Each structure stands twice: as C-alpha cells, then as structure tokens.
Participant: 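After the structure tokens below, expect a handful of questions from me.
Only this structure's heavy atoms are used, side chains among them; waters, hydrogens and symmetry mates stay out. Predicted model, so just to flag it, every value in this text is computed and none were measured.
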Amino acid sequence: MTILKTYARLWADNLDRALPLLEQLTGEQPHLRVTFHAVGLGAIGDFLVIAGPAEERAKYSHASATVVVDDLDALQATLESADATITTPPTDGPTGRFLYARHADGAGVEYVEWNAELVRRLIHA
C-alpha cells in the first residue's frame, strides 16, 4: 500500500468563494471538483476544500486529513493490525472508494482509493 497524496482539509461556506484565494496561493487551478451529498469538494494543490452548510460540513469534521492510497483493502488491514478503528467501512464515492478510521492514538483520517481515471490524470500525468 502506497500513499499517493495527502490533503489538508479546509472548511468553507461556499466553494466558489474559497477557491480563488487558493488559486493565488498555489498558482494552480482546482484539479478536482465534485459534489458529495450536500457538500461541495474542491481539491487544489494540497488542499481539499469541503464547502456547504455548517451542519452538513460537521458530518465530516471528525477527520483531520484526507489521504489518497493505491489500495484501500491493504490499508484497512494495516490500520486494523495497528489497532485503528474503522468508523466508516469502505464505501463507494464520487472519486472511487473511501473509509474513515480512528487511529489508536485518536487521530481521525479519511482514506480514499481513487478510481483509475483520477490516478492516471492526477498522479501519473
């Protein structure tokens, strides 16, 4: 299992208002923009903006980072062998599959296995 990318999570009310400053700071354009349930997700540089109403964003606030891996099943085995708790089991999402875990030390992390098209476009480009 390999970590392909790690995102710092930023929380915003409105994705369209949050992205322009990040474009200036990173010198990049968003490389990913999707809607998941009632939140908008925008990835730019090493930031993942989670935007929408506060009550909707709160559903995802238990994770401090989003980590993209190449093999979610192998990751889950590694986490479990290290006494992490899987708080959301592997679930299909708009970019592939994800799970949430709480590490033995209490850290909460979202892990994502991107679909092949995203890996090709964003990692192997």
Side-chain angles (χ1 to χ4, degrees):
M1 186 281 311
T2 302
I3 292 175
L4 303 175
K5 186 155 185 65
T6 301
Y7 289 108
R9 289 175 153 213
L10 301 178
W11 308 93
D13 294 328
N14 182 288
L15 194 55
D16 291 324
R17 286 195 312 221
L19 290 175
L21 175 58
L22 294 173
E23 290 172 4
Q24 289 179 353
L25 293 172
T26 64
E28 298 179 25
Q29 294 295 309
H31 55 263
L32 183 64
R33 193 165 174 170
V34 298
T35 300
F36 184 70
H37 297 251
V39 297
L41 306 171
I44 182 167
D46 293 321
F47 297 105
L48 177 66
V49 180
I50 301 168
E55 62 274 6
E56 294 299 324
R57 293 189 322 253
K59 295 175 183 177
Y60 309 100
S61 64
H62 57 282
S64 59
T66 297
V67 178
V68 180
V69 298
D70 68 343
D71 186 336
L72 200 65
D73 297 322
L75 167 82
Q76 184 173 353
T78 299
L79 291 170
E80 290 171 344
S81 72
D83 294 325
T85 301
I86 306 304
T87 57
T88 300
T91 304
D92 290 335
T95 62
R97 299 186 314 141
F98 67 93
L99 65 78
Y100 280 84
R102 187 173 49 258
H103 295 185
D105 65 4
V109 180
E110 175 192 32
Y111 291 96
V112 179
E113 179 184 332
W114 277 344
N115 62 44
E117 186 275 327
L118 285 176
V119 171
R120 188 172 40 259
R121 182 167 62 88
L122 300 175
I123 301 299
H124 299 301

Participant: About how many Å separate CD1 of I86 and CG of L75, when rounded to the nearest 0.5 Å?
Facilitator: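 The distance works out to 7.0 Å.
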
Participant: Minimum heavy-atom separation for Y7 to G45, with atom names?
Facilitator: CE2-O, 3.7 Å

Participant: Could you list the residues that satisfy side chain to side chain donor-acceptor pair (under 3.5 Å) with E56, not counting sequence neighbours?
Facilitator: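 By the side chain to side chain donor-acceptor pair (under 3.5 Å) rule, E56 matches K59.
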
Participant: Give a yes or no answer on whether the side chain of R57 reaches the backbone of A12 with a donor-acceptor pair at less than 3.5 Å.
Facilitator: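 Yes, because the side chain of R57 sits within donor-acceptor range (under 3.5 Å) of the backbone of A12.
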
Participant: According to a 4.5 Å side-chain heavy-atom criterion applied to Ile, Leu, Val, Met, Phe, Trp and Tyr, with indirect links allowed, do V67 and L48 form part of one hydrophobic cluster?
Facilitator: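 As far as the 4.5 Å side-chain criterion goes, L48 and V67 are not connected within one cluster.
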
Participant: Look at the side-chain heavy atoms of Ile, Leu, Val, Met, Phe, Trp and Tyr, link any pair under 4.5 Å apart, and say whether V34 and L4 land in one connected group.
Facilitator: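 Same hydrophobic cluster.
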
Participant: Could you tabulate the donor-acceptor pairs under 3.5 Å formed by side-chain atoms of residues 104-112, not counting sequence neighbours?
Facilitator:
{"residue": "D105", "atom": "OD1", "partner": "A107", "partner atom": "N", "Å": "2.9"}
{"residue": "E110", "atom": "OE1", "partner": "R9", "partner atom": "NH2", "Å": "2.7"}
{"residue": "E110", "atom": "OE1", "partner": "T66", "partner atom": "OG1", "Å": "2.7"}
{"residue": "Y111", "atom": "OH", "partner": "H103", "partner atom": "NE2", "Å": "2.8"}

Participant: List in chain and number order the residues that pass side chain to side chain donor-acceptor pair (under 3.5 Å) with D46, two or more places apart in sequence or in another chain; answer none if no residue qualifies.
Facilitator: K5

Participant: Under the salt bridge (charged side-chain N to carboxylate O under 4.0 Å, His left out) test, which residues partner D16, sequence neighbours left out?
Facilitator: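 D16: salt bridge (charged side-chain N to carboxylate O under 4.0 Å, His left out) contacts with R33.
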
Participant: Considering residues at least two apart in sequence or located in another chain, which fulfil the side-chain contact (heavy atoms from CB on, under 4.5 Å) criterion with T85?
Facilitator: T87, R102

Participant: What pair of heavy atoms forms the shortest contact from W11 to A63, and how long is it?
Facilitator: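 Shortest heavy-atom contact: CZ2-O, 4.2 Å.
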
Participant: Look at the side-chain heavy atoms of Ile, Leu, Val, Met, Phe, Trp and Tyr, link any pair under 4.5 Å apart, and say whether V39 and V49 land in one connected group.
Facilitator: no

Participant: Find out whether L99 and T88 are in side-chain contact, i.e. whether some heavy atom of one side chain is under 4.5 Å from a heavy atom of the other.
Facilitator: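 No, side chains not in contact.
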
Participant: What pairs meet the salt bridge (charged side-chain N to carboxylate O under 4.0 Å, His left out) rule with one or both residues in residues 66-75, with sequence neighbours excluded?
Facilitator: D73-R97

Participant: Can you name the residues that form a side chain to side chain donor-acceptor pair (under 3.5 Å) with Q76, not counting sequence neighbours?
Facilitator: E80

Participant: Which pairs pass ring pair (Phe, Tyr, Trp, His ring centres under 6.0 Å) with one or both residues in residues 67-97, sequence neighbours excluded?
Facilitator: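 Residue pairs with at least one partner in residues 67-97: there are none.
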
Participant: Scan the side chains in residues 117-125 for donor-acceptor partners under 3.5 Å anywhere in the protein, sequence neighbours excluded, and list what turns up.
Facilitator:
{"residue": "E117", "atom": "OE2", "partner": "R121", "partner atom": "NE", "Å": "3.2"}
{"residue": "R121", "atom": "NH1", "partner": "H31", "partner atom": "O", "Å": "3.2"}

Participant: Same cluster or not: I50 versus W114, using hydrophobic residues (I, L, V, M, F, W, Y) connected whenever any side-chain heavy atoms lie under 4.5 Å apart?
Facilitator: yes

Participant: Extract all donor-acceptor atom pairs below 3.5 Å that involve side chains of residues 17-25 and protein atoms in other chains or at least two apart in sequence.
Facilitator:
none

Participant: Can you pull the ring pair (Phe, Tyr, Trp, His ring centres under 6.0 Å) pairs that have at least one residue in residues 37-90, sequence neighbours excluded?
Facilitator: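 Found H62-Y100.
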
Participant: Report the residues that fulfil side chain to side chain donor-acceptor pair (under 3.5 Å) with N14, sequence neighbours left out, ordered by chain and then residue number.
Facilitator: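 N14 satisfies side chain to side chain donor-acceptor pair (under 3.5 Å) with no other residue.
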
Participant: For L79 and A101, work out which heavy atoms get closest and say how close.
Facilitator: CD1-CB, 3.7 Å

Participant: Hey, any chance V68 and M1 share a hydrophobic cluster, counting ILVMFWY side chains that come within less than 4.5 Å of each other, even indirectly?
Facilitator: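 They do not share one cluster, since no chain of ILVMFWY contacts under 4.5 Å joins V68 to M1.
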
